[in-house]
Peer 1: 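Sharing a structure with you now.
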Amino acid sequence: MSLLRVEAVSKSFGGVPVLRGISFSLDAGRTLGLVGENGAGKSTLMNILAGAVRPDAGQLEWRGRPYAPRRPADAMRAGIAYIHQELNLFPNLTIAENLFLTAFPRRWGLPLIDRRGLHRRAAALLEEAGLDLPPDLPVERLSAGERQLVEIARALGAGAALIILDEPTTSLGTREVERLFDRLARIRSQGVALIYISHALEDVLRLGDDLLVLRDGEVAGGGPRSAFTVERLVSLMVGRSLDRRFPPRAGRPGGETLLEARGLTRRGVLRDVGFRLRRGEILGVFGLMGAGRSELARILFGLDPCERGEILLEGRPLGGGGPRPRIRGGLAFVPEDRRREGLCLDASIADNLALVSLRRYARRGTGWLDPARWAPAVRAIRDAVRLTPAARDDQPVRTLSGGNQQKVVLGKWLLAGPRVFILDEPTRGIDVGAKAEIYRLIRSLADGGAGILFISSELEELIGLCDRILVMSHGEIRAEAEAGGFDREALLRAALRDPAAPPGGGDRP
């Protein structure tokens, strides 16, 4: 008997079908890998299982009985836990308080929290989740991977027999991903079922016993892991083959240096970091979490201070003054967290596109945007980044998919016409189709003469897209490799190298 059975489930919003006759089953102790482009219906399907949305048609069975949750609390009582991509933890509370927020142990039946009992029960759950942390530690002091495991511990404490994980590795480094996967394997061996949702297809193939592919609200394919490859998953997700996920290089960049860093040092963050970025070059930066990649980007853009070193833009030193002189000089920065740092989520698409270029498209002396000049610019940028035609210019940007949000972030910089782009994890959390379009855009920018500093934790995209790759570890550049000589294992070894070891892997300027 299956733990969960979904039969012909359909759902529409405002008369628009979102799910069409979805069927699958899941047994205890097994993992179902769920993939699909943004908008394929994954979130709606999971919200139905979690009691946040009710289906229009179809049937659900849980442990052999009809299952029709009316609210998330019903799903939790049944034993289904949904861990969202945006973790639902209170950073100002302790781990123990987060674990038992809705069910604190009481003293003598009175409305008094049994602190000893709380810490004892929390310690047991943390051990089960593989976390060696004190229960009274505030969540704000935890890493992203530790917070993910706290969410899993909370689900186990609630008696979950099925845990749904939505993009659990988005904010994790390589070591934290391995730690999470090890813990998930142990949980599954105890009979807990998992639904694992991710755009990282290699991870889905690694973890899933069975796979389910959604496209446009329908099942595009499903079956045992052995029946799938990354290429087949991509083809099923987008309805076509993406034989060239990475656009071809026009040639080896050989132009003059656009951006140069010399001996950048900040205690505990960076140590003697130096490199050159040439015109028309895509320069990748790889490293594990804590290697200093994002910190380097923020220092280059003037968001964080640097104790020692020099930054030159087209040969001219960039001193202090923050980001403004850098923007005027032709520098653009796409941050790792697009929702918090790259967008005004409640503002419209058009307003977000205007953020960097307001002065250029304003009526002289008024500060108001000139529609006669602004409207054609918006249309041109929408076409350049291939923003979904269904989105209106006045539509709040928070309503867009992750891929389209990232296109808006890139679009606002394209309007400013920069010569150097610093891109920190520009494809994180977006589907393969949107990734391919962003790769195309980045390559076209480089072919047009821009310099691209491409920071990523995904070696596959760095190898597929970059002309050179720098490897960072513990705030230092530990290795460098040129296109044609990329070695995945060597790059990963350099990222894992002990900081006391001598650097290697090539000379750098």
Side-chain angles (χ1 to χ4, degrees), residues 255-256 258-259 277 279-280 297-298 300-303 311-335 337-389 391-398 400 403-424 426 437-438 440-454:
E256 74 270 25
L258 290 179
L259 179 69
L277 173 64
R279 186 178 300 278
R298 292 178 62 85
L300 291 171
F301 196 61
L303 291 169
I311 303 168
L312 295 90
L313 184 60
E314 294 187 294
R316 296 186 300 273
L318 289 173
R324 286 187 179 182
R326 286 158 168 79
I327 294 172
R328 288 195 295 268
L331 205 60
F333 176 48
V334 174
D337 191 336
R338 59 177 171 268
R339 292 176 63 86
R340 289 192 176 94
E341 300 178 351
L343 295 166
C344 296
L345 292 175
D346 291 322
S348 68
I349 292 172
D351 287 345
N352 272 276
L353 288 173
L355 285 175
V356 184
S357 308
L358 285 170
R359 290 174 182 255
R360 180 181 299 181
Y361 294 96
R363 286 195 178 107
R364 186 170 298 176
T366 67
W368 294 93
L369 283 174
D370 182 353
R373 300 173 59 221
W374 175 235
V378 170
R379 287 195 297 271
I381 289 300
R382 288 185 58 130
D383 291 342
V385 300
R386 297 186 183 178
L387 193 67
T388 174
R392 306 182 313 273
D393 290 345
D394 62 351
Q395 182 176 331
V397 79
R398 72 163 58 251
L400 298 177
N404 281 300
Q405 287 180 355
Q406 191 69 306
K407 291 176 184 179
V408 172
V409 177
L410 288 165
K412 76 177 183 184
W413 286 111
L414 289 181
L415 270 177
R419 293 181 292 280
V420 174
F421 290 79
I422 301 171
L423 310 179
D424 192 358
E437 292 182 351
I438 288 177
R440 174 200 59 81
L441 177 60
I442 292 171
R443 174 49 65 186
S444 69
L445 289 171
D447 291 344
I452 313 291
L453 190 69
F454 190 104

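For the single chain, residues carry numbers from 1 onward in sequence order.
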Peer 1: Could you list the donor-acceptor pairs under 3.5 angstrom formed between side-chain atoms of residues 316-325 and any protein atom two or more places apart in sequence or on another chain?
Peer 2:
none

Peer 1: Is there a donor-acceptor pair under 3.5 Å between the side chain of Arg419 and the backbone N or O of Gly329?
Peer 2: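 Checking the backbone N and O of Gly329 against the side chain of Arg419, a donor-acceptor pair under 3.5 Å is found.
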Peer 1: Between Leu423 and Leu453, is there a side-chain heavy-atom distance shorter than 4.5 Å?
Peer 2: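 In short, these two side chains do not touch, never coming nearer than 4.5 Å.
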Peer 1: In Å, rounded to the nearest 0.5 Å, how long is the span from CZ of Arg386 to CD1 of Ile381?
Peer 2: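 With rounding to 0.5 Å, CZ (Arg386) is 14.0 Å from CD1 (Ile381).
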Peer 1: Does Ile327 form a side chain to side chain contact (heavy atoms under 4.5 Å, CB included) with Phe333? I'd like the steps, not just the answer.
Peer 2: CA-CA 9 Å; Ile327 294 172; Phe333 176 48; over 6 Å; no
Peer 1: How close do Leu312 and Gly315 get, counting heavy atoms only, and between which atoms?
Peer 2: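 Scanning both residues, the minimum pair turns out to be CD2-O, 3.5 Å.
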Peer 1: Would you give the length of the straight line joining atom CD of Gln395 to atom CG of Asn404, rounded to the nearest 0.5 angstrom?
Peer 2: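 Rounded to the nearest 0.5 Å, the CD-CG separation comes to 9.0 Å.
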Peer 1: Minimum heavy-atom separation for Gly451 to Leu258, with atom names?
Peer 2: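 Closest approach of Gly451 to Leu258: N-CD1, 3.4 Å.
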Peer 1: Which atoms form the tightest heavy-atom contact between Trp413 and Leu331, and what is the distance?
Peer 2: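 Closest pair (atom of Trp413, atom of Leu331, distance): CZ3-O, 3.8 Å.
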Peer 1: Got a donor-acceptor contact below 3.5 angstrom from the Arg360 side chain to the Ala416 backbone?
Peer 2: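 Pair found, side chain donor or acceptor close to backbone of Ala416.
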Peer 1: Output the distance between atom CZ (Arg338) and atom CG (Asp424), rounded to the nearest 0.5 Å.
Peer 2: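 Taking CZ in Arg338 and CG in Asp424, the distance rounds to 12.0 Å.
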Peer 1: Measure across Val378 and Leu353 and return the closest heavy-atom pair with its distance rounded to 0.1 Å.
Peer 2: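 Residues Val378 and Leu353, closest heavy atoms: CG1-CD1, 4.1 Å.
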Peer 1: As a quick check of understanding, evaluate side chain to side chain contact (heavy atoms under 4.5 Å, CB included) for Leu445 and Leu414, giving each step before the final call.
Peer 2: CA-CA 9 Å; Leu445 289 171; Leu414 289 181; 3.4 Å; yes
Peer 1: Is any NZ, NE, NH1 or NH2 atom of the basic residue among Arg379 and Asp393 found under 4.0 Å from an Asp or Glu carboxylate oxygen of the other?
Peer 2: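 Salt bridge between Arg379 and Asp393, a charged N being under 4.0 Å from a carboxylate O: no.
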Peer 1: Does the Arg326 side chain pair with the main chain of Leu300, one donor and one acceptor, at a distance under 3.5 Å?
Peer 2: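 Yes; judged by distance alone, with no hydrogens or angles, the pair exists.
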Peer 1: Considering only heavy atoms from C-beta outward, does the side chain of Ile452 approach that of Ile422 to under 4.5 Å?
Peer 2: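 Ile452 does not reach Ile422 side chain to side chain.
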Peer 1: May I ask you to test the Ile349-Asp394 pair for a side-chain heavy-atom distance under 4.5 Å?
Peer 2: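 SC-SC contact between Ile349 and Asp394 ruled out.
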Peer 1: Going through the checks in order, is the side chain to side chain contact (heavy atoms under 4.5 Å, CB included) test met by Val356 and Leu415?
Peer 2: CA-CA 8 Å; Val356 184; Leu415 270 177; over 6 Å; no
Peer 1: Does Lys412 reach the main-chain N or O of Gly342 with its side chain, forming a donor-acceptor pair under 3.5 Å?
Peer 2: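 Yes; judged by distance alone, with no hydrogens or angles, the pair exists.
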Peer 1: Mind listing the closest non-hydrogen atom pair of Cys344 and Leu355 along with its distance?
Peer 2: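 Heavy atoms of Cys344 and Leu355 come nearest at SG-CD1, 4.2 Å.
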Peer 1: How close do Val408 and Leu400 get, heavy atom to heavy atom, and via which atoms?
Peer 2: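 Minimum heavy-atom separation between Val408 and Leu400: CG2-CD1, 3.9 Å.
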Peer 1: A side-chain contact here means heavy atoms from C-beta on lying under 4.5 Å apart; do Phe454 and Ile442 qualify?
Peer 2: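 They are in side-chain contact.
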Peer 1: Treating Lys407 as the side-chain partner and Ile438 as the backbone partner, does any N or O pair qualify as donor plus acceptor under 3.5 Å?
Peer 2: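 Not a single qualifying donor-acceptor pair exists.
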Peer 1: Can you name the residues that form a side-chain hydrogen bond (donor to acceptor under 3.5 Å, both in side chains) with Asp346, not counting sequence neighbours?
Peer 2: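 side-chain hydrogen bond (donor to acceptor under 3.5 Å, both in side chains) check on Asp346 returns Arg398.
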Peer 1: With no hydrogens and no angle check, is any side-chain donor or acceptor of Ser357 less than 3.5 Å from a backbone partner on Ala354?
Peer 2: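 Absent.
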Peer 1: Could you tell me whether a side-chain N or O of Asn352 sits under 3.5 Å from a main-chain N or O of Leu343, the two making a donor and an acceptor?
Peer 2: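 Judged by distance alone, no pair lies under 3.5 Å.
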Peer 1: So, do Gln406 and Glu437 sit near enough that their side-chain heavy atoms are less than 4.5 Å apart?
Peer 2: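 The answer is no; the side chains never approach within 4.5 Å.
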